[in-house]
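Note that ligands are numbered from 1 as they come in the structure, with each ligand's atoms numbered from 1 the same way.
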Amino acid sequence: MKLLVTGGAGFIGSNFVRYMVNKYPEYQIVNLDLLTYAGNPENLKDIENAANYKFVRGDIADREFINGLFQEEKFDYVLNFAAESHVDRSITDPGIFVQTNIQGTLALLDAAKTFGVTKYLQVSTDEVYGTLGETGYFTEETPLAANSPYSASKAGADLLVRAYHETFGLPVNITRCSNNYGPYHFPEKLIPLMIINALHDKELPIYGDGLNIRDWLHVEDHCQAIDLVLHKGRNGEVYNVGGNNERTNIEIVKTILKHLNKPESLMKFVKDRPGHDRRYAIDATKLRTELGWSPKYNFDTGIEQTINWYLNNREWWENIISGEYQDYVKSQYGDRLGVE
Ligand SMILES: Cc1cn([C@H]2C[C@H](O)[C@@H](COP(=O)(O)OP(=O)(O)O[C@H]3O[C@H](CO)[C@@H](O)[C@H](O)[C@H]3O)O2)c(=O)[nH]c1=O
């Protein structure tokens, strides 16, 4: 069984690669990653020499390269984690989101169709559903109503995946997760950014009134869900993955400050994100009842484990925020990156 995991050097992708390499020694896992600013080979240092693991550097939107890779490797499963993922960046530079998230997905779908796969799994996001008011939950039937260029690009990709199933009969699944947290989270996102700023006694920028709500999901629970959907998901189906842990941003920041024994005076309310979605909350009943998913983390233990991970892995994030990160990656991995 051969798996292509794209974006496997990113936060969720690397956690998933590690999970699969350890759980399925009999599978061959190929990690394809472009190593943009958010992809980091250091995330997988502990398994990089595993017999069932291989790293390839490349761009999912490079059709010629993708076709060559599919022809050579003959993948059984394709899991697309590769994406530009940061909402704030999509507001200043939407073009790269369309290129990677839409053109990249299209190139993978075409290759999957041409060379044949047992399953194509698209890792998507609850942000495609837009925003909720104070009540209600996103289900798989909630209409798509993306509000940011990022979520619009993910929604576009989801519709292509759906279309390749309906039109060409490609065996596909789409998973839509809520906000992930855990080890190796890139420090532009709320939780790692706040931990690192607090450790430096720097201000913690809270957008708007800080009462926006996110539904936090531990990345390992997300990995388990994707494993289940990959093996047991019904073709053509969408599965929502949510932690059932709704928190306001202020609650998150206060929790982090408390764990680190830092004062709340570090919180600074700043200009709101344009188009800022108010609330995300996921109904994951389908995943639980149909596929038997049950998350093992509750938020209190998960956030504590995550904060401790950042305390114990300073070198990992100091290399990233030092600005010397790209040079560092090149010096460590330059000769071993595979396809350029
Ligand atoms: C970076 C940052 C964020 N925020 C707020 C904005 C959001 O309400 C909340 C979380 O922000 P972010 O960490 O950027 O995550 P968010 O926009 O929710 O999107 C994340 O979660 C999505 C899933 O819901 C994923 O699809 C995205 O790729 C991922 O980036 O915290 C702040 O108040 N201050 C900040 O400095």
Side-chain angles (χ1 to χ4, degrees), residues 7 10-13 15 36-39 80-92 96-97 100-101 122-132 137-138 142 144-158 174-182 184-198 202-219 221-222 225 240-257 266-282 284 303 306 321:
F11 163 49
I12 304 175
N15 275 283
T36 61
Y37 78 95
N80 184 23
F81 290 78
E84 288 292 335
S85 74
H86 199 49
V87 175
D88 294 329
R89 288 178 189 257
S90 81
I91 294 167
T92 47
I96 186 67
F97 286 73
T100 299
N101 300 357
Q122 177 78 356
V123 179
S124 186
T125 167
D126 59 0
E127 297 199 10
V128 298
Y129 298 123
T131 188
L132 290 165
Y137 294 88
F138 296 134
T142 303
L144 304 193
N147 289 321
S148 72
Y150 158 68
S151 51
S153 70
K154 291 295 287 183
D158 283 13
I174 297 172
T175 56
R176 296 191 178 131
C177 66
S178 56
N179 285 61
N180 282 224
Y181 70 99
Y184 303 102
H185 205 179
F186 192 81
E188 67 187 346
K189 310 289 191 198
L190 180 74
I191 288 181
L193 181 75
M194 298 299 157
I195 295 172
I196 291 170
N197 277 13
K202 273 173 65 177
E203 283 175 343
L204 311 188
I206 298 176
Y207 299 162
D209 62 8
L211 296 177
N212 302 66
I213 290 174
R214 297 293 181 264
D215 172 4
W216 293 94
L217 168 71
H218 194 282
V219 66
D221 288 328
H222 186 194
N240 283 350
V241 194
N244 204 18
N245 283 303
E246 285 184 55
R247 298 282 189 285
T248 63
N249 294 337
I250 293 183
E251 283 175 302
I252 296 288
V253 173
K254 283 188 178 169
T255 303
I256 291 169
L257 288 169
L266 286 176
M267 295 196 302
K268 177 152 198 270
F269 290 88
V270 299
K271 199 166 160 285
D272 208 354
R273 171 187 280 172
H276 197 174
D277 286 335
R278 193 63 173 171
R279 173 171 169 256
Y280 303 144
I282 283 224
I303 193 72
T306 302
I321 63 172

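- Atoms of ligand 1 found under 4.0 Å from any heavy atom of His276, numbered from 1 in the order shown, are 6 (C), 7 (C), 8 (O).
- By the 3.5 Å distance cut-off applied to N or O atoms, Met194 is not counted among the residues near ligand 1.
- At the shortest separation from atom 16 (P) of ligand 1 among protein heavy atoms lies Glu127 OE2, 3.4 Å.
- Side-chain contact between Arg279 and Glu246 is present, with heavy atoms from C-beta onward closer than 4.5 Å.
- For ligand 1, the atoms closer than 4.0 angstrom to any heavy atom of Thr125 are 22 (C), 23 (C), 24 (O), 25 (C), 26 (O).
- For atom 31 (O) of ligand 1, the closest non-hydrogen atom of the protein is Asn249 ND2, 3.3 Å.
- For atom 1 (C) of ligand 1, the closest non-hydrogen atom on the protein side is Glu188 O, 3.3 Å.
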What do the steps show when you test Lys254 against Met267 for side chain to side chain contact (heavy atoms under 4.5 Å, CB included), and what is the final call? CA-CA 9 Å; Lys254 283 188 178 169; Met267 295 196 302; 3.9 Å; yes
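- Contacts with ligand 1 closer than 4.0 Å are made by side-chain heavy atoms of Val87 only, the backbone lying farther away.
- In this structure, the protein non-hydrogen atom closest to atom 21 (O) of ligand 1 is Asn179 ND2, 3.1 Å.
- We find that Arg278 and Asp209 are joined by a salt bridge, their nearest charged nitrogen and carboxylate oxygen being less than 4.0 Å apart.
- Ala152 approaches Ala146 most closely through the heavy-atom pair N-CB, 3.4 Å.
- The single protein non-hydrogen atom nearest to atom 25 (C) of ligand 1 is Tyr150 OH, 3.6 Å, given as residue, atom name and distance.
- Here the CZ-CG distance, from Phe186 to Leu193, works out to 10.5 Å after rounding to the nearest 0.5 Å.
- Closest to atom 34 (N) of ligand 1 among all protein heavy atoms lies Pro205 O, 2.8 Å.
- Seen from the ring of Tyr181, Arg214 does not count as a face-on cation partner, given the 6.0 Å and 45° thresholds.
- How far CD of Glu188 is from OH of Tyr37: 3.5 Å, rounded to the nearest 0.5 Å.
- Taking every heavy atom of His86 and a limit of under 4.0 angstrom, the matching atoms of ligand 1 come to 14 (O).
- The contact set between ligand 1 and Ser178, taken as ligand atoms under 4.0 Å from a residue heavy atom, comprises 23 (C), 24 (O).
- Distance check: Ile303 CD1 to Ile252 CD1 gives 6.0 Å after rounding to the nearest 0.5 Å.
- Of the heavy atoms in Ile191, none comes closer than 4.0 Å to ligand 1.
- His185 contributes atom NE2, which lies 9.5 Å from atom OG1 of Thr306 (distance to the nearest 0.5 angstrom).
- Given atom 14 (O) of ligand 1, the protein heavy atom at minimum distance is Arg273 NH2, 2.9 Å.
- With a heavy-atom cut-off of 4.0 Å, Ser151 does not touch ligand 1 at all.
- Proximity of a side-chain donor or acceptor of Asp158 to a complementary backbone N or O of Ile174 within less than 3.5 Å is not detected.
- The shortest N or O to N or O distance between Arg214 and ligand 1 is below 3.5 Å.
- The protein non-hydrogen atom at the shortest distance from atom 30 (O) of ligand 1 is Lys189 NZ, 2.9 Å.
- Both the backbone and the side chain of Leu190 come within 4.0 Å of ligand 1, counting heavy atoms alone.
- Not a single donor-acceptor pair under 3.5 Å links the side chain of Asn101 to the backbone N or O of Lys154.
- A heavy-atom separation below 4.0 Å is not found between Lys154 and ligand 1.
- Between the side chain of Thr100 and the backbone N or O of Phe97, no donor-acceptor pair lies under 3.5 Å.
- Considering backbone and side-chain N/O of Tyr207, one or more are found under 3.5 Å from N/O of ligand 1.
- Taking a cut-off of under 4.0 Å to the non-hydrogen atoms of Asp126, the atoms of ligand 1 that pass are 23 (C), 24 (O).
- In this structure, a donor-acceptor pair under 3.5 Å is absent between the side chains of Tyr137 and Asn240.
- Atom numbering of ligand 1 starts at 1 in the shown order; those under 4.0 Å from a heavy atom of Ile206 are 33 (O).
- With ligand atoms numbered from 1 in the order given, ligand 1 contributes 36 (O) to contacts under 4.0 Å with heavy atoms of Leu193.
- No donor-acceptor distance shorter than 3.5 angstrom exists from the side chain of Asn197 to the backbone of Ile195, with no hydrogens or angles considered.
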